[in-house]
Amino acid sequence: MATPLVRRLPRELRHNFGRYLGIFLLMTISITLVSGFLAAASSIERITGGMRDAYAVEDGRFTTSREAPAEALAAVEDLGASVHENFSYDLPLERDDAPSATVRVHLNRNGFNEAAYAQGEAPQGADEIALDRTFAEHARIETGDTVRVGGRDLTVSGIMTLPDYAALFEKNSDFVMNTLTFGTAVVDRAAFASFEGASVSHVYSFLFDDRALPLPERIDAEQDIADALASHGALLTDLVDAASNQGITYAAEDVAGDQVTWETMLFLLIVIMAFVFVVLTSAAIDEESAVIGTLLASGYRKRELIAHYLALPCLVGLAAAVAGNVLGYTVMVDPMKGLYYNSYSLPPYVAAWSWRAFGLTTVIPFLLLMAITSVGLARKMRCTPLMFLRRETAKAGMRATLKLPERLGFSARFRLRVFLRNLSHFTTLFVGIAFASMLLLFGLCMMPTIEHYADSLRNDLVAEHQYLLKAPLEIDATDDEREAFAAATALAATEQSQLEAMDPIELAALAQKASTVQEGAHPVNVKSNDRSVIEQAEKFAAGRLETARLAQGNEEVVVYGIAEGSRYWNDVDVGEGKVAVGRGLAQKCGLKPGEPQTFSNKFDGAAYELTPSSLWGSSSCMAVFLSIEDFNELFGNDAGYFNGYVSNDTCRTKASTWTNAIWQAILPLPTWTRSAPRCKTRWAM
């Protein structure tokens, strides 16, 4: 039913056009940016979530120092996993108009980690190659171009992405990805065979028959795989579960984490705009209080007047939500998509509608805007018709009749009375300014926060170098010990056919040197170091656990086992069961000295209760420290176990070639594999 109040809306809009236009633009821009981002992010999240099934992404991979025997692979398949060769060559890619780069060349894949083509097609001849999309874009390579890879000129037949290299990490232990000088490629079998002179990486990807295995059970199965490989002569050098493979998980985790920041920013903006609406409508009510009093005296109800003054904010908010979504899904989705597609090698983008994104960018902001505005109007409408007629709306409540002390003086009481009459306005203004200041600080503090974090990390570094090993490796050894292990390594890394072709005398000499390796001894570094370097290097052990945060979720924690009286961690109080925790971890997870805290291993579900005895480091330190003896006892390792060195000098190590399985394959050491750490976090290191 049309009323005189409806006819007043156009006049009110014209009278406050500038105010409402500003709110409309601010809300539209905010929703445009956030809806564009969430639309792109939700689509990418759906793409990454479906990659495991769509492209048969591996459940894990293992690497051997040479081609694994057929019986070893058969033993793995008997455990309920299909194994696929994922061999590769790391070859130089040279172009006249660009700096050289490294490409990891794979065979065309079928049945596992299948490539997704953005342009062109899979290579079909010995002179064709398909390159990773992100790498190709940064190198400005297109289909049809000719590139020189491994000394051979190849034509780019396609631009593709590999699901196990969604983030281009050259090594899984790398801290940052490299999209400029590292990429992946696939070729057909004839082209792959032409690179046989180069060093090949013997990587095998495996998929469990039961792909719904929980992570702890999957890790147990992978332990069985490692044991089966070692017992059948495979020289295992690495085993990584898909959950610990940064190339597979990093992009999806980044997309999920960024959405929280954008959603928080949107809600802050909406709350600010809602308070602005409250101020505008409150001012309009004060200006028209006499008219409102007349309408109330004439029989209009307060809810009708609230609905009237809520109409314009509702229309403006609804128009801004519609405009913001239209612009977000049409104009902003491509730039927001590019934020990730310029950095990650993801399959071709397919837009998908997300009700969650729609609710977060449209429904919730609109309802929040209307709720805050309605509350403000309802509080304003508590006045009686007589108070509206007398323009005494600002005097409502106890503060209007509050008796002020006479000793304050007239001026002080007058100022205080004015303040009390407008207390609601000041409160609303204060809240709005507080939220706006929060947004401003959020932007201004970003870089200083990052710089402070980097400085804190630098201060927490105890040495110039920190080496993390896959297995214990002694750097202090005699020449005879180094020769013995070098001989054992040479025998382990040589194919059987090559061993048979060797001079019998030379082969016997190698075997004689290898046989001097003592049973149960740690491998030694075959590269010699100066005595000064050896003496200043210090062993440590490290593993990963999780503990609950104060807010929500779990925090991943590095647990260090260090020497008592360490020359590097010289102020960390450990030993005799003492546990030191980083100050940052204590603040984030609520750890306090003397109060036990539960830590868990996400890979096998094991739980450990540790009681901090002291705090160490800055607010950026997120680690836990024990003595190396307590560390090995906690995780059930051998007494002499360690997996790292800390040093101020550069150590010459060859750690990546040493694994326990090598020695079991060469020497009759049935207990050797059990000298490895029983803490299954080693697969994630």
Side-chain angles (χ1 to χ4, degrees), residues 173 175 453-478 481-482 521-545 557-586 591 593 610-635 637-656 658 675 677 679 681-682 685:
S173 58
F175 186 70
Y453 179 71
D455 292 338
S456 299
L457 287 179
R458 189 180 298 111
N459 294 333
D460 288 338
L461 293 177
V462 296
E464 294 292 330
H465 306 280
Q466 184 169 309
Y467 303 89
L468 191 63
L469 312 175
K470 296 175 182 176
L473 179 71
E474 300 288 350
I475 63 173
D476 187 6
T478 65
E481 288 174 330
R482 284 197 296 272
H522 287 161
V524 301
N525 185 23
V526 297
K527 293 185 177 182
S528 61
N529 286 282
D530 293 336
R531 174 52 55 181
S532 60
V533 173
I534 294 174
E535 290 177 351
Q536 60 83 49
E538 186 174 284
K539 299 175 182 177
F540 72 91
R544 293 185 185 272
L545 296 177
V557 180
V558 178
V559 183
Y560 286 97
I562 62 177
E564 294 185 46
S566 168
R567 73 178 71 181
Y568 294 102
W569 288 283
N570 52 18
D571 55 346
V572 181
D573 187 15
V574 295
E576 299 179 353
K578 295 178 182 178
V579 178
V581 298
R583 284 187 170 84
L585 180 64
L591 277 65
L610 301 177
T611 302
S613 57
S614 62
L615 304 181
W616 182 84
S618 68
S619 58
S620 299
C621 182
M622 306 295 291
V624 174
F625 301 91
L626 304 91
S627 69
I628 194 167
E629 293 80 11
D630 292 339
F631 178 96
N632 289 330
E633 182 180 354
L634 178 69
F635 292 119
N637 300 328
D638 293 337
Y641 172 76
F642 67 96
N643 64 349
Y645 284 99
V646 61
S647 169
N648 280 328
D649 288 330
T650 303
C651 297
R652 301 173 68 241
T653 62
K654 190 68 174 175
S656 61
W658 299 97
S675 67
C679 175
T681 54
R682 66 184 185 275
M685 292 180 187

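Nothing here was measured: the structure is a model prediction, and the numbers come from that model.
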What is the minimum heavy-atom distance between [X] and [Y], and which atoms define it?
X: Val624; Y: Val581; answer: CG2-CG1, 4.1 Å
X: Ala463; Y: Asn648; answer: CA-OD1, 3.3 Å
X: Val579; Y: Thr611; answer: CB-O, 3.6 Å

**Asked** Is the Trp569 ring parallel, tilted or perpendicular to the Tyr560 ring (thresholds 30°, 60°)?
**Response**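 Tilted.
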
**Message:** For Tyr645 and Phe642, take the angle between the two ring planes, folded into 0 to 90°, and tell me which bin it lands in: parallel under 30, tilted 30 to 60, perpendicular over 60.
**Reply:**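 Taking Phe642 first and then Tyr645, their aromatic rings stand perpendicular (interplane angle over 60°).
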
**Gap between atom CZ of Phe540 and atom CZ of Phe631 - 0.5 Å precision** =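 It comes to 9.5 Å.
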
Between [X] and [Y], is there a donor-acceptor pair closer than 3.5 Å when you use the side chain of the first and the backbone of the second?
X: Glu538; Y: Arg567; result: yes
X: Glu564; Y: Ser627; result: no
X: Arg583; Y: Gly617; result: yes
X: Asp573; Y: Ala580; result: no

**Side-chain H-bond candidate by donor/acceptor type, Ser647 with Glu464, under 3.5 Å** =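 On atom types as modelled, these side chains do not qualify, holding no pair under 3.5 Å.
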
**Message:** Would you say that Leu610 contacts Leu634 through its side chain, given a criterion of any heavy-atom pair below 4.5 Å between the two side chains?
**Reply:**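 Sidechains of Leu634 and Leu610: in contact.
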
**Message:** Quick check: do Val646 and His465 have side-chain heavy atoms less than 4.5 Å from each other?
**Reply:**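 Not touching, per the 4.5 Å side-chain cut-off.
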
**Request:** Take Asp638 and Asn632, measure what side chain to side chain contact (heavy atoms under 4.5 Å, CB included) needs, and give me the verdict at the end.
**Result:** CA-CA 7 Å; Asp638 293 337; Asn632 289 330; over 6 Å; no

**Item:** Any residue meeting side-chain hydrogen bond (donor to acceptor under 3.5 Å, both in side chains) with Glu633, in chain and number order, not counting sequence neighbours
**Value:**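 Result, side-chain hydrogen bond (donor to acceptor under 3.5 Å, both in side chains) vs Glu633: none returned.
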
**Message:** So, using side-chain hydrogen bond (donor to acceptor under 3.5 Å, both in side chains) as the criterion, who are the partners of Asp571 when residues are at least two apart?
**Reply:**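 With neighbours one apart ignored, the set is Trp616.
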
